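Note that this is a predicted model, so its numbers are computed, not measured. Proteins get letters first, then strands, A, B, ... in listed order; numbering begins at 1 in each.
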Amino acid sequence: MATRYWLMKSEADVYSIDDLESDGKTMWDGVRNYQARNNMREMKKGDRVLYYHSRQSPPAVVGLATVVRESYPDPTQFEPKNKYFDEKSDSEDPRWWLVDVAFDRKFDEPVSLHDIKDEPSLSEMVLVNNSRLSVQPVKKAEFDRVLKMAGEKA
DNA sequence: GCCAACGTTGGC
DNA sequence: GCCAACGTTGGC
């Protein structure tokens, strides 16, 4: 199956691409939005991810990650002391799922949200039209365009 | 730090 | 099943 493309948001001051680089890979835990969860359940190993920093100035795509483990139940939903604990989730039928992603690379030139909004060929990006979705699909042409804007080769 | 936009919850 | 109230996200 063809590689697919995604964008994942992280609050820059909570878990940045530098954190991902030093960890190598991470569990994308804490997603508590059904649409974002559904997107993660569609991800396949090898899919490529635009890594986006929200809540920084300016917000921007700052690098790339790769899906290295396909979806499995988010363990934090069953940990009562965890801030992502969900008492309504049943261990026989978990509500929240996640994937593991690995660091790929950091851009020399981040691509800001402002630049994405200014680029006509990116006007259909989910990022532009549904700013609150934290895990979203990206078209190959969009992915390639963002890479080009970052001065990178696919 | 503010607040608009959006998603979820829960009363009816 | 509707929708008001509430909580959260994220740009500014």
Side-chain angles (χ1 to χ4, degrees), chain A residues 4-23 25-43 47-67 71-139 141-143 145-152:
Chain A
R4 288 204 277 177
Y5 301 87
W6 309 91
L7 180 147
M8 296 172 97
K9 290 185 191 177
S10 188
E11 294 174 47
D13 54 341
V14 175
Y15 194 84
S16 73
I17 194 162
D18 295 322
D19 296 320
L20 180 61
E21 181 170 17
S22 58
D23 290 347
K25 67 171 188 173
T26 194
M27 282 194 313
W28 206 262
D29 61 8
V31 170
R32 296 293 180 267
N33 169 284
Y34 290 104
Q35 219 180 329
R37 176 206 66 182
N38 293 346
N39 288 333
M40 283 202 287
R41 295 191 70 171
E42 301 250 317
M43 289 181 180
D47 283 359
R48 310 197 63 194
V49 177
L50 296 173
Y51 199 99
Y52 180 86
H53 279 174
S54 66
R55 300 188 69 95
Q56 72 168 10
S57 191
V61 178
V62 293
L64 299 177
T66 306
V67 176
S71 68
Y72 58 102
D74 181 343
T76 64
Q77 70 194 305
F78 302 122
E79 297 166 7
K81 290 183 181 148
N82 195 291
K83 72 176 200 171
Y84 297 121
F85 176 62
D86 183 348
E87 62 179 1
K88 293 178 184 164
S89 186
D90 175 357
S91 60
E92 297 300 311
D93 182 21
R95 183 181 286 196
W96 305 112
W97 295 66
L98 53 69
V99 296
D100 288 355
V101 299
F103 177 78
D104 178 348
R105 71 185 109 133
K106 187 173 169 180
F107 293 157
D108 292 329
E109 303 172 53
V111 181
S112 71
L113 178 61
H114 181 264
D115 290 345
I116 288 171
K117 285 180 170 171
D118 270 358
E119 169 55 46
S121 65
L122 298 179
S123 64
E124 300 292 310
M125 270 189 88
V126 178
L127 185 67
V128 174
N129 298 294
N130 183 357
S131 66
R132 296 181 30 135
L133 185 60
S134 64
V135 179
Q136 50 183 260
V138 172
K139 293 181 188 135
E142 294 166 344
F143 182 88
R145 168 59 64 170
V146 171
L147 254 62
K148 194 173 175 190
M149 290 165 75
E152 299 265 332

**Q.** Distance, rounded to the nearest Å, where A/D86 contributes CG and B/dT9 contributes C1'
**A.** 13 Å

**Q.** Rounded distance (Å) that lies between atom C1' of C/dT9 and atom CG of A/L133
**A.** 11 Å

(Q) Rounding to an integer number of Å, can you tell me how far A/R132 CZ sits from C/dC12 P? (A) 15 Å

Q | Atom-pair distance (CG on A/L127; P on C/dT9), nearest Å | A | 16 Å

Q: Using side-chain hydrogen bond (donor to acceptor under 3.5 Å, both in side chains) as the criterion, point out the one residue from A/K81, A/R32, A/K83 that pairs with A/T76.
A: A/R32

(Q) For a quick test of reading the model: is some side-chain N or O of A/K88 closer than 4.0 Å to OP1 or OP2 of B/dT8? (A) no

Q: Tell me whether the centres of the aromatic rings in A/W6 and A/Y51 are closer together than 6.0 Å.
A: no

Q.
Assuming nearest nucleotide by heavy-atom distance, tell me which of A/S131 and A/R95 is located more 5' along DNA chain B.
A. A/S131

**Q.** More than 12 heavy atoms from other groups under 6.0 Å of CG on A/D108
**A.** no

Q.
I need the CE-C1' distance between A/M8 and C/dT9, as an integer number of Å.
A. 17 Å

Q) Are A/E124 and A/K139 within salt-bridge range, i.e. N to O under 4.0 Å? A) no

Q | Gap between atoms CZ and P, on A/R32 and C/dG7 respectively (whole Å) | A | 19 Å

Q) How many Å lie between NZ on A/K9 and C1' on C/dT9, as a whole number? A) 8 Å

Q | Residue-phosphate contact under 4.0 Å: A/Y52 side-chain N/O, C/dG11 OP1/OP2 | A | yes

Q.
I want to check one thing: is the phosphate of C/dC12, taken as OP1 and OP2, less than 4.0 Å away from some side-chain N or O of A/K117?
A. yes

**Q.** Euclidean distance, atom NE2 of residue A/H53 to atom P of C/dG11 [Å, nearest integer]
**A.** 12 Å

Q: Tell me which nucleotide among C/dG11, B/dG7, B/dT8 gets nearest to the side chain of A/Y34.
A: B/dT8

